[in-house]
Trainee: 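Handing you this structure, nothing more for now.
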Number of protein chains: 2
Amino acid sequence: MSTAQPHPSAKRPAGITEVARHAGVSPGTVSNVLNRPERVAGPTRARVEAAIAELDYVRNSSGSSLRSGRSDAVGLLVLDVTNPFFTEVARGMEDEAAEAGLAVLLLNSAESGTRQRRNLRLLAEQRAAGAVVMPVDDDLSDLLWLHRQGVPWVALDRGDVPEDVGCSVSVDNHAGGLAAGRHLVGLGHERVTFLTGPPAIEQVRRRHDGLRDAFTESDLDPDGSISVIELPQLNPEQGERAVDAALAGGPRQRSTAVMCANDQLALGFMKGLGRRGLRVPDDISVIGYDNVDVASLVHPGLTTVAQPKYELGRTAMRLLRAQLDDPDHLHQRLLFSPELVLRGSTAAHRP
Amino acid sequence: MSTAQPHPSAKRPAGITEVARHAGVSPGTVSNVLNRPERVAGPTRARVEAAIAELDYVRNSSGSSLRSGRSDAVGLLVLDVTNPFFTEVARGMEDEAAEAGLAVLLLNSAESGTRQRRNLRLLAEQRAAGAVVMPVDDDLSDLLWLHRQGVPWVALDRGDVPEDVGCSVSVDNHAGGLAAGRHLVGLGHERVTFLTGPPAIEQVRRRHDGLRDAFTESDLDPDGSISVIELPQLNPEQGERAVDAALAGGPRQRSTAVMCANDQLALGFMKGLGRRGLRVPDDISVIGYDNVDVASLVHPGLTTVAQPKYELGRTAMRLLRAQLDDPDHLHQRLLFSPELVLRGSTAAHRP
DNA sequence: CATCGGTTTTGAAACGTGTCAACGGAGTGT
DNA sequence: ACACTCCGTTGACACGTTTCAAAACCGATG
């Protein structure tokens, strides 16, 4: 823990009062020049602006948020900064926040409950104007705590939050799983592996359910047709490592297609297959989820379920703004539809 | 611009004074419990802690940073949040900052000077404890301004900052370009294209210089051997679009290898080649720069120049901490060495 | 000149925290 | 009993901003 001693010779930068003295007006007037310039007469405003320029004064946001009880920053808490899915969401949120004059504090849970908790606490300490949060697991108590602390939020990719505490924006994960499943069934695959992460993550559970329902509606038994491999994390390394398990049973017994809970997993898995000399889609079909940019860059292109990433972030922030502007705001749940993107990694099963 | 009216029924959360009243002590004592617990006697401390728990008090950082003139947040200003290279840097910085109890404010320039300026101003307003910055172009005046405002910083991937204003951590871009160039020359390539971004970016200029020097040292004329394609941005789309230009001249005249200033460009470029039916490395060799995770996931694997991304972020933050802890800190320049990573995208030229 | 309406400026009071000199009390040695 | 030290606690103040009622100003009108 560094103690951050201020440099001895460090003078505090000029404040509003010093500007006032310099311009021969009262601090209140300077504040008005900054916040409601129309209320102050032309010549005075000019004098103040000159003083501001001369001292190169910059407003101290601690002072103002202390006074108002609210800072002008909003938080975005993501599960994993290194996942391109989230960075795209961040872009959307950032653009919308910039329009509202709000700064975005990007925080990373790194899929850890402890870090999520620490970050939410930080937002409360900062008296953040609001937050957009992708919860790390089913336990929403941290979010309820944040709500009690008076920080409004919007949940991302998590449709099951109580409507009296916050909004949510998500994509229909069941529909996504269903679309992927129908695609595979339509191609004649009857033995499929679902490669997934910790079942605590609601999103991937629902994708799994969708996949199962696709089999059920075609009169196939999901329990017999789908085998599941659970991995501790949703990253490429884990995907690559899972190849062994997925290939168990040999060519006659093993799955002919693999659905991954996430593109990151799928990309790693495909790499692992390549290393084994297996060809996609000839030997095995692979389908991902998210449609991250690289999905179109690999060869063969990765068939995947696209989510409107940028729009997701942008909409979440829009909902948050609505909440900030309107005191009697009613929380709502928004649900986007996913879209199946066909590329080269899936093909018909040749028995 | 949303006006962010506070909700009328919103009560301010409990402050240090209310906690004090509740525990029957003075505010000063509560402050001591929070900041120097060893100075306060056991029983009193227990009483205060009970009060804190009961009111679920959370410290208001506006108050404390107003008082101290410094907030406990540091900024990380990256060129482009969607580039996996930067997110890896962010992870490194974050880990080191967490150890120092500092929060990281991740800001995005999106390769725009205006946004960089706005973000630096934001950091000044927040009275950030410090910043790690990857400057968007050669113009360092914004950084000098930040220094005048009293916010210490470390420049990332930019070795040419004056030593009296700040530290820098970078990777030897010339060495990286040289290594890549030697590799290509060693494989017998004598007509090479350098695919790059705006020449305002110092990093890519030095990589270019390194590439040229590799040719010179083998008695090849760089001007005759290397053709350059400048693109407005360093992203996959631009890389894909550049294929036309790179293939101009037909099989007999065109380059036999392409060095990209960046993996993102290289990945897009390879995709474009695939779409044209050209094979890497048989028809053309491709080499990238950065060694982002996906470089190993595509097929063929992308030969590239690796930078110690995580370490870069971590070290920058370490330098920043040193600066915060030690008033008479001497700024320094750290230079990491890049490393050539050989994968399948480069092969010997067969005349 | 007194009064009025409207605009512009002022001054003081809060917001929550950290700091620091001063204070009180308990113990110790003379 | 007194002086002294040590430790724990106090109380007041300062940090920079915003807000708001009140004051000052100005030109016009009766």
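Reminder, nothing fancy here: chain letters follow the sequence lines and each chain counts from 1.
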Trainee: Take a 6.0 Å sphere around NE2 of A/H22 and say whether it holds more than 12 heavy atoms from other residues, nucleotides or ligands.
Mentor: no
Trainee: Report yes if some heavy atom in the side chain of A/R158 is under 4.5 Å from a heavy atom in the side chain of A/V161; otherwise report no.
Mentor: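 Answer yes - side chains close enough.
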Trainee: Roughly how far, to the nearest 0.5 Å, is CG of A/L122 from CG of A/L105?
Mentor: 6.0 Å
Trainee: Please report the closest heavy-atom contact between B/S65 and B/S61, naming both atoms and the distance.
Mentor: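 Where B/S65 meets B/S61 most closely, the heavy atoms are OG-O, 2.7 Å.
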Trainee: Hey, is CZ on B/R117 packed in by over 12 heavy atoms from elsewhere, all under 6.0 Å?
Mentor: no
Trainee: What is the per-nucleotide protein-contact pattern of nucleotides 8-18 of chain D, from the 5' end, where B denotes a base atom under 4.0 Å from a protein heavy atom, S denotes such proximity for sugar-phosphate atoms only, and - denotes neither?
Mentor: SSB---BBBBB
Trainee: Answer with yes or no whether the side chains of A/N60 and B/Q126 bring together a donor and an acceptor at under 3.5 Å.
Mentor: no
Trainee: Of all nucleotides in DNA chain C with an atom under 4.0 Å from a non-hydrogen atom of chain A, which is the first and which the last going 5' to 3'?
Mentor: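 Under 4.0 Å from chain A, the extent on DNA chain C is C/dT8 to C/dG16.
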Trainee: Is it the case that over 12 heavy atoms from other parts of the model lie below 6.0 angstrom from the CZ atom of A/R39?
Mentor: no
